[in-house]
2 protein chains.
Amino acid sequence: MQQAIGDWTERFDGTRQLPRDLRDRLLRLASLRRFKAGETVFAPGRVPNSLLLLLEGTIRVFQTSDSGREIVLYRVEAGQSCVLTTACILAEEAYSAEGVAETDVVAVALPRSAFDRLAADSEAFRQFVFAAYSRRLLDLLRVVDDVAFGKIDVRLAARLVALADAEGALNATHQQLATELGTAREVISRQLTEFQRRGWIEAARGRILLRDVPALKALARQK
Amino acid sequence: MQQAIGDWTERFDGTRQLPRDLRDRLLRLASLRRFKAGETVFAPGRVPNSLLLLLEGTIRVFQTSDSGREIVLYRVEAGQSCVLTTACILAEEAYSAEGVAETDVVAVALPRSAFDRLAADSEAFRQFVFAAYSRRLLDLLRVVDDVAFGKIDVRLAARLVALADAEGALNATHQQLATELGTAREVISRQLTEFQRRGWIEAARGRILLRDVPALKALARQK
DNA sequence: GGCGGGGCGTGACAAAGTCACAGAAGCGCT
DNA sequence: AGCGCTTCTGTGACTTTGTCACGCCCCGCC
């Protein structure tokens, strides 16, 4: 982890196409930041005054309600930027979402001034930023749709498939899955019991094995 | 309605501060668009290739589920821009929300190329655009929060207060209110019956009178 | 006056969320 | 191994919300 990152401008659509001089400027202006898994990257009150560009790892962005329940809004993956924060930075408004590193994270922090300069100088960069915004907006629209109109068995099936690794396994407690979908643990427990009864999954403490991915996918496609 | 709009660049934070030459360029490049109340401004498949800046009226933006239920995401008011569309235009991605004119609407349409040029030339304009994004993101976060964690009596009370005019009256059917909150008509009917039993409102066909706004506001503040 | 359609009320039921509690599984410690 | 603690999971009873089916009422229109 200690090795140099090198020319990270190579890794983003929005920076790869920039002329050499802009890229060099970026390399000078941006600083490297690392977060350990579980660390909070941003939260209400803790405003990082810069745009984060993820090089490695993923950040889970979620919202917490007053009553303590949570819901995952989206994940920021390597090669993407964390625009939600940016939006609120640039608008100097309070936001209510929180981001934690889901794995160890390496990111580039681009200070606000540099961000603005780049936005002025490069159409490619503007494209990149707007595309990122667009993506998040669409993510949020999806969340609204799911929460407002989706059935939880369908949503849970989809999430299980999405979170599982190549072997069809995932480490997650019922509570964590409840947080993913913004529901209560008991609801997840009951659904998982039902899935297990049907032989679709095999549950262990904090771990779930998908036994019938096609069946889960079929359910997930519904509605 | 036929009179000239004049220098509309005066009306937006993002354009008011621009130098005279840029503003003149804007006035040349942008075109005036009008929509009648009820008309669809944008919808999946009908992508206006420009940024809309609202001069008069309001646009209701909502999402429709496959099953036909709807939910209002936010409203675009005069002086604001319709960035959700923009995001999707710029990213060239499909979006799933729809916008209809809630009143007669007068707007300025700024073509994509002009938008981009302006974004390059003016920091004030960039600020404006990002602030608009930020606002919508926050609106959507609010919707997610409400839908995922809010109780409908609270949400309905809040919406009644928000939609009522100065006299505490609003014209809306139960179905329309259901659409506001993304729920079913029967749910609204029952809640309204309860509100009426408590003497908080008075209901007529397609019309509701708020009799005890403080009580409604108190309920709305909860949670 | 009769007719038709949108708006509204209601009962019965299904799905989801809440509350309370109990048992099981891991984990550290001796 | 045994103990005690915490966390995770299962379950029953109940509330809230959403769904379905139906019937009535109001109002405009022929």
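Every chain is numbered from 1, with letters handed out A, B, ... down the list of sequences. Remember, it's a predicted structure, so these values are computed and weren't measured experimentally. Only heavy atoms go into these numbers, but all of them, side chains included; no hydrogens, no water, no symmetry mates.
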Among D:dG18, C:dG17, D:dC20, which is the nearest nucleotide to the side chain of A:I152? C:dG17
Report the distance from atom CD of A:Q196 to atom P of D:dT11, rounded to the nearest whole Å. 10 Å
Quick one: on DNA chain C, does A:R205 or A:R185 contact a more 5' nucleotide (nearest heavy atom)? A:R185
Figure out the CG/C1' separation between B:N171 and C:dG6, and round it to whole Å. 16 Å
Rounded distance in Å - CZ (A:R155) to C1' (C:dG17): 13 Å
Side-chain donor or acceptor of A:R190 under 3.5 Å from a matching atom on the base of C:dT18? yes
Would you call B:R34-B:E56 a salt bridge at under 4.0 Å N-O? no
What contact category does B:R207 fall into here, base, sugar-phosphate, or nothing, at under 4.0 angstrom with non-hydrogen atoms? nothing
Whole angstrom value for the distance that separates C1' of D:dT9 from CD1 of A:I201: 12 Å
Testing C:dA20, D:dT17, C:dC8 for proximity to the side chain of B:S189, the answer is C:dC8
Candidates D:dC8, C:dT18, D:dT17 - which lies nearest the side chain of B:K151: D:dT17
Determine the contact category for B:R69: base if any of its heavy atoms lies under 4.0 Å from a base atom, sugar-phosphate if only primed atoms, P, OP1 or OP2 are that close, otherwise nothing. sugar-phosphate
Nucleotide of C:dG7, D:dT19, C:dG17 approaching B:T173 most closely (side-chain heavy atoms): C:dG7
Using the closest heavy atom to pick a nucleotide of DNA chain D for each, name whichever of A:Q175 or A:A148 lands nearer the 5' end. A:Q175
Before accepting this row, confirm whether a basic side-chain N of the pair A:R198/A:E194 lies closer than 4.0 Å to the acidic partner's carboxylate O. yes
What is the distance, rounded to the nearest whole Å, between atom CD of B:Q191 and atom C1' of C:dC8? 15 Å
Between P on D:dC8 and CD1 on A:I208, what's the gap in Å once rounded to a whole number? 13 Å
Measure from CZ on A:F195 to P on D:dG10 and round the result to the nearest Å. 14 Å
Looking across every strand, which nucleic acid part, if any, lies under 4.0 Å from A:A178 by heavy atom: base, sugar-phosphate, or nothing? nothing
Considering heavy-atom distances to DNA chain D, does B:D153 or A:H174 have its closest nucleotide positioned more toward the 5' end? A:H174
Could you check whether B:R136 and B:Q80, counting side-chain N and O atoms only, form a donor-acceptor pair closer than 3.5 Å? yes
For the residue pair A:F125 and A:F128, categorise the inter-ring angle as parallel (less than 30°), tilted (30 to 60°) or perpendicular (more than 60°). tilted
For the side chain of B:R126 and the backbone of B:A119, is there at least one donor-acceptor N/O pair under 3.5 Å apart? yes
B:E186 CD to C:dA15 P: how many Å, rounded? 16 Å
